[in-house]
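Notes for the one structure printed next.
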Amino acid sequence: MTFPTGRQGLPTHRRRFLGSGLAMGMAALGEVATAAAPPLPLASRMPDSMKTLGGADLAYGQPSAHEQSVQRVAHPSTAQTAGFAIWRTPLQHQRGIITPSGLHFSVHHNALPEMAPDRHELMVHGLVKRPLRFDVERLLRYPMVSRIHFLECAGNSAANALSPTAMNQTLGDLAGEVSCAEWTGVPLSYLFNEAGLKEGATWVVAEGADGGSHSRSLPLSALLKDGFVALYQNGERLRPSQGYPMRLFMPGWEGNVNVKWLHRLEVTDQPAYTKDESGLYTQVLDNGQIERFAFHMDVKSVITHPSGLQTLPEARGFYEIGGLAWSGHGRIAKVEVSVDGGKSWALAQLHAPVLDRAFTRFTLPWQWDGKKATLMSRATDEHGRSQPSRSEWKRKYAMQSFHHYNAVQAWRVGTDGRVENVYA
Ligand SMILES: Nc1nc2c(c(=O)[nH]1)N[C@H]1C(S)=C(S)[C@@H](COP(=O)(O)O)O[C@H]1N2
Ligand SMILES: [Mo]
């Protein structure tokens, strides 16, 4: 096993870890730590599936019938058809950096609009020389870029931000308003260049075609550099939940600026201060000041296994601790993992590819001694930004604030192997 980042830090970490039960010794010797498999029985028999003809396949593939329990989880107060709906990704089941499209989280302020691509248009207007109108067919003919990026709702992990006692829930329930996908679409620079920008053009108001006209103002310079109109998600056209037939995509920025069912981009010389930015997505700091236009999602990580409401099958022995880390500012540089509630930390292995503003997978072998343990992960990005503790985060914001929560998540493993959410 190799440790691609922060090798220098390892010996100190290792020494501290041997005492606390982590299998770091093995890793240092270049062996791969595994959960031991039982020996093969002498008479290994032919599986039944080899003795009969299989069943018919489907025109559009579906997950195995045995994986039916892996579903998005609706926010408890959200009926499926309600105007405001939150569907969370069951992150505890994700291994790898791409979230399957059917499990991508969703936040709808005005339910799921019925979108017919032949009637949908995107307007580019305002401070431009030639106002333009694109139907879907036309936009599909433009050159496109493909980017793998996470998308996270500003309100992700709100329960951990607000609840005075830790809620005993799954990772998906607690922090599943984040997913990572490959997005393919047309860079906004192509469309704005074609329209021709006028003097004074500095902001863009993006509006969705859903009932409540979800809209946000974004600085033009950032859109020209990084923004695109996404038409494809994981190689196929966008799912309705993700804004079919097109959405705005701004890598690393809070979910709500990624306007779905995008139908209007108005170039302006100032923000519009729409309800969605002046009301919903501003946040009060502890000093009483208001934080507005906090676009970037900060560095964050979660241990996906073991995680909330899971039970470790054996009361001691080898387990792999694994999870996902991401930062709205760039690449993940390192992830540290603790099994003793933050008293000591070891460097986890980062798995390639380590991409800019995307999920990065991390793992660490763990030899569990069967005693109570508190697992934590702490990510640092390439700019040196690191995750705060929960109390550090709470000190920065007012009591009622819950957006942009990125504090270290802790899981308590009980002597019975049960895993639960704790504040540590
Ligand atoms: N038109 C429109 N765009 C929208 C929303 C919406 O309700 N309407 N919700 C926003 C919010 S709050 C988030 S977090 C992201 C979620 O994107 P997803 O549903 O594709 O995960 O979409 C954003 N774009
Ligand atoms: Mo959101």
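Just so you know, ligand 1 is whichever comes first in the structure, and atom 1 is the first atom listed for that ligand.
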What does the N/O contact table under 3.5 Å look like for ligand 1?
residue  : atom   : partner : partner atom : Å
ligand 1 : 1 (N)  : Asp210  : OD1          : 2.9
ligand 1 : 1 (N)  : Asp210  : OD2          : 3.3
ligand 1 : 1 (N)  : Lys260  : O            : 3.0
ligand 1 : 3 (N)  : Lys260  : N            : 2.9
ligand 1 : 7 (O)  : His109  : N            : 2.7
ligand 1 : 7 (O)  : His109  : ND1          : 2.8
ligand 1 : 8 (N)  : Asp210  : OD2          : 2.7
ligand 1 : 9 (N)  : Val107  : O            : 3.1
ligand 1 : 17 (O) : Arg247  : NH2          : 3.0
ligand 1 : 19 (O) : Ser106  : OG           : 3.1
ligand 1 : 19 (O) : Val107  : N            : 3.2
ligand 1 : 19 (O) : Ser241  : O            : 3.4
ligand 1 : 19 (O) : Lys260  : NZ           : 2.6
ligand 1 : 20 (O) : Gln242  : NE2          : 3.1
ligand 1 : 20 (O) : Arg247  : NH1          : 2.7
ligand 1 : 20 (O) : Arg247  : NH2          : 3.4
ligand 1 : 21 (O) : His104  : ND1          : 3.3
ligand 1 : 21 (O) : Phe105  : O            : 2.6
ligand 1 : 22 (O) : Arg247  : NH2          : 3.4
ligand 1 : 24 (N) : Asn258  : O            : 3.1

Problem set entry | Pairwise salt bridge (charged side-chain N to carboxylate O under 4.0 Å, His left out) hits with a residue in residues 99-109, at least two apart | none
Exercise. Per the side chain to side chain donor-acceptor pair (under 3.5 Å) rule, which among Arg412, Gln169, Gln409 passes with Asn421?
Worked result: Gln409
Problem set entry | With sequence neighbours excluded, residues passing ring pair (Phe, Tyr, Trp, His ring centres under 6.0 Å) with His214 | His109
For this session: Mind checking side chain to side chain donor-acceptor pair (under 3.5 Å) for Ser215 and listing every partner two or more places apart, or none if nothing turns up?
Result: none
Exercise. Using a distance-only test with no angle check, is there a side-chain donor-acceptor pair under 3.5 angstrom linking Asp269 and Thr202?
Worked result: no
For this session: Compute the ring centroids of His104 and Trp183, then answer whether they are less than 6.0 Å apart.
Result: yes
